[in-house]
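Working notes, structure below.
One-based numbering, in listed order, for ligands and for the atoms of each. Owing to the predicted nature of the structure, the values given are computational and were not obtained by experimental measurement.
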Amino acid sequence: MRRRWLFADQLGPHFLGPAEVPGDDGLEHVLLVESKAAFRRRRYHRAKAHLILSALRHRAAELGSRCTYVQAEGYRDAVKAQGDDLSVVDPTSYAARALVRDLGVDVLPSRGFITSQSDFEKWADGRRQLRQEDFYREARRRTGILMAGDEPEGGRWNFDADNRLPPPRGAVSLGLPMPAWPVEDDIDAAVRADLDRWEQEGIAFAGEDGPRRFAVTRAEALTALEDFIEHRLPAFGPYEDAALTGDWSMAHSLLSVPMNLGLLDPREVIDSVVGAWETGHAPLASAEGFVRQVMGWRDYVWHLYWHFGPDYVDTSNALDAHEALPAWFRDLDADAVQARCLSTALAEVRERGWNHHIIRLMVLGNWALQRAYDPREVTEWFTANYVDAYPWVMAANVVGMALHADGGRMASKPYAAGGAYIKRMTDFCGGCAYRPDRRVGAQACPVTAGYWAFISRHADEWRRHPRMAQPVRGLERLSDREELLAQESARGSHAP
Ligand SMILES: Cc1cc2nc3c(=O)[nH]c(=O)nc-3n(C[C@H](O)[C@H](O)[C@H](O)COP(=O)(O)OP(=O)(O)OC[C@H]3O[C@@H](n4cnc5c(N)ncnc54)[C@H](O)[C@@H]3O)c2cc1C
């Protein structure tokens, strides 16, 4: 009998079957290993631990007698005890790749992404700057997705002018139907009981393990995909960058968890989205915006993880950022924070281990960038607290994009912004103790003032930078610069 070892992020049918014809042909026996040691290594969000254990156990239940399910301390001994006729799809981290090779398991090429590593390397070869937009266009051409011959559908690669709108004026939500939440079952109840027991034994978790919000089975994942396409895809493009306090999911797909667990093949997700545009259900701007996220961004950060190498996270600190995460940030203590953007973002993480892209990048990432939080600590924080986080997705998103710690290998300039951006794209500033247009004084917005303090710290190196020279000139024109810098230095690591 053929036997396949599946990691917890390889749970869909496309991780079974031979390399030539991926898919579950019903012939393989499956090994699933639940490693407790993984949860001792860092303080994970409890909702994340719940999702992973629930996904593994649901998969085992589906496979029934075709699955050997091992609950062990670590992978190594558990797999060694299974004999030597196992194959595995190349896993998604450097550590796991080293382990499967060390164990002598037959390793098949990786799956779960749309573009291949060899195509990426061919594209990257000899390029000075690996621009995401160039990668994305090349991927569209190569796959033919949303292409009319050699031209992009609609005659444009980019619908940013239609997308990225601020939230509708005065709205408290986008008014879309509530996403179709999964229904918890006995397996979830058993996971909760085990996690309670583990906590009593001393394994620490962060955050709340509220009702499970994300898909952990193939059936739930397909329902989540259908629900997104039916109810949220049409509004996805226009509002993909907007945020509202009372509408945490907005028009987002909530598919990163099932895609990263390997339950959905990103190609099938994109095909469904493109199909919805073809039948007139969704506008091209939304379908293109979504294809860009999945094939343009998800695949791109996956390839960069391997391209930048195993030391990228540990050795990148181009902005010399060494501040330790303050306790309120580290412990998701939203209630200690007055700045509404940060308290809303932290409360979302505490409740669900999730926020949408702009909150990750322009609220939490922007804050960590401005305050010079140590990139390794920030990466560790995102990895532990986000339900969809895996090492491959952290490197480029946190180190490259949010913190600019790689000195521009990934992004040509830091994604830094003051409170005006947050005011435009969210409703967080309404009712906040601070004012986004105030730089100094009791109501000085810590994000606005923090932005200028950040520019000031790097002014010498950016005075001739093609994209940062302008903010440096802006800083030099501020009449209250000295007062602002003293104020922000006194703020230190106190909760804003
Ligand atoms: C600092 C930071 C940390 C992030 N951490 C993660 C993470 O741990 N796991 C994760 O999957 N994504 C991460 N992202 C990317 C993005 O924020 C999430 O994929 C998205 O918010 C998940 O929600 P969604 O499924 O509703 O996404 P949607 O907004 O509906 O987007 C659709 C899909 O596009 C993909 N996608 C879009 N942007 C990215 C990106 N930059 N990198 C990878 N995939 C992308 C995701 O698979 C997502 O499900 C991070 C981004 C930043 C800036």
Exercise for review: Quick one: list whatever passes salt bridge (Lys or Arg N to Asp or Glu O under 4.0 Å) with Asp119, sequence neighbours left out.
Suggested key: Lys122, Arg142
[X]: numbered ligand 1 atoms lying under 4.0 Å from its heavy atoms:
X      : result
Met259 : 47 (O), 49 (O)
His356 : 21 (O)
Arg298 : 43 (C), 44 (N), 47 (O)
Phe382 : 1 (C)

Pair [X] and [Y], ring centroids less than 6.0 Å apart:
X      : Y      : answer
Phe205 : Tyr44  : no
Phe308 : Trp306 : no
Phe113 : Trp392 : yes
Tyr300 : Trp297 : yes
Tyr305 : Tyr94  : yes
Phe135 : Trp123 : yes

Among protein heavy atoms, which lies nearest [atom], and at what distance?
atom                    : answer
atom 11 (O) of ligand 1 : Asn260 ND2, 2.9 Å
atom 17 (O) of ligand 1 : His357 ND1, 3.0 Å
atom 46 (C) of ligand 1 : Ser256 CB, 4.3 Å
atom 9 (N) of ligand 1  : Asp388 O, 2.8 Å
atom 27 (O) of ligand 1 : Ser253 OG, 3.9 Å
atom 5 (N) of ligand 1  : Arg360 NH1, 3.2 Å
atom 37 (C) of ligand 1 : Gln293 OE1, 3.2 Å
atom 33 (C) of ligand 1 : Val294 CG2, 3.7 Å

For ligand 1, is there an atom lying under 4.0 Å from some heavy atom of [X]?
X      : answer
Phe290 : yes
Asn355 : yes
Trp354 : yes
Met394 : yes

Practice item. Tell me which one of Ile270, Leu254, Asn385, Val398 gets a heavy atom nearest to atom 26 (O) of ligand 1. Key: Leu254
Review point. If hydrogens are left out, which of Thr383, Val399, Asn397 has an atom nearest to atom 42 (N) of ligand 1, that is, the closest non-hydrogen atom?
Key: Asn397
Taking [X] for the side chain and [Y] for the main chain, is one N or O donor matched with an acceptor at less than 3.5 Å?
X      : Y      : answer
Ser286 : Leu233 : yes
Arg46  : Ala206 : no
Ser316 : Asp406 : no
Thr448 : Pro436 : yes

**Study point:** Parallel, tilted or perpendicular: rings of Phe39 and Trp198 (30°, 60°)
**Key:** tilted
Review point. Who passes ring-ring contact (aromatic ring centres under 6.0 Å, His included) against Phe329, sequence neighbours left out?
Key: Tyr373, Trp381
Is there a polar contact between ligand 1 and [X], counting only N or O atoms under 3.5 Å apart?
X      : value
Tyr386 : no
Val301 : no
Phe236 : no

**Study point:** ligand 1 versus Val393: contacting region, heavy-atom distance under 4.0 Å
**Key:** side chain
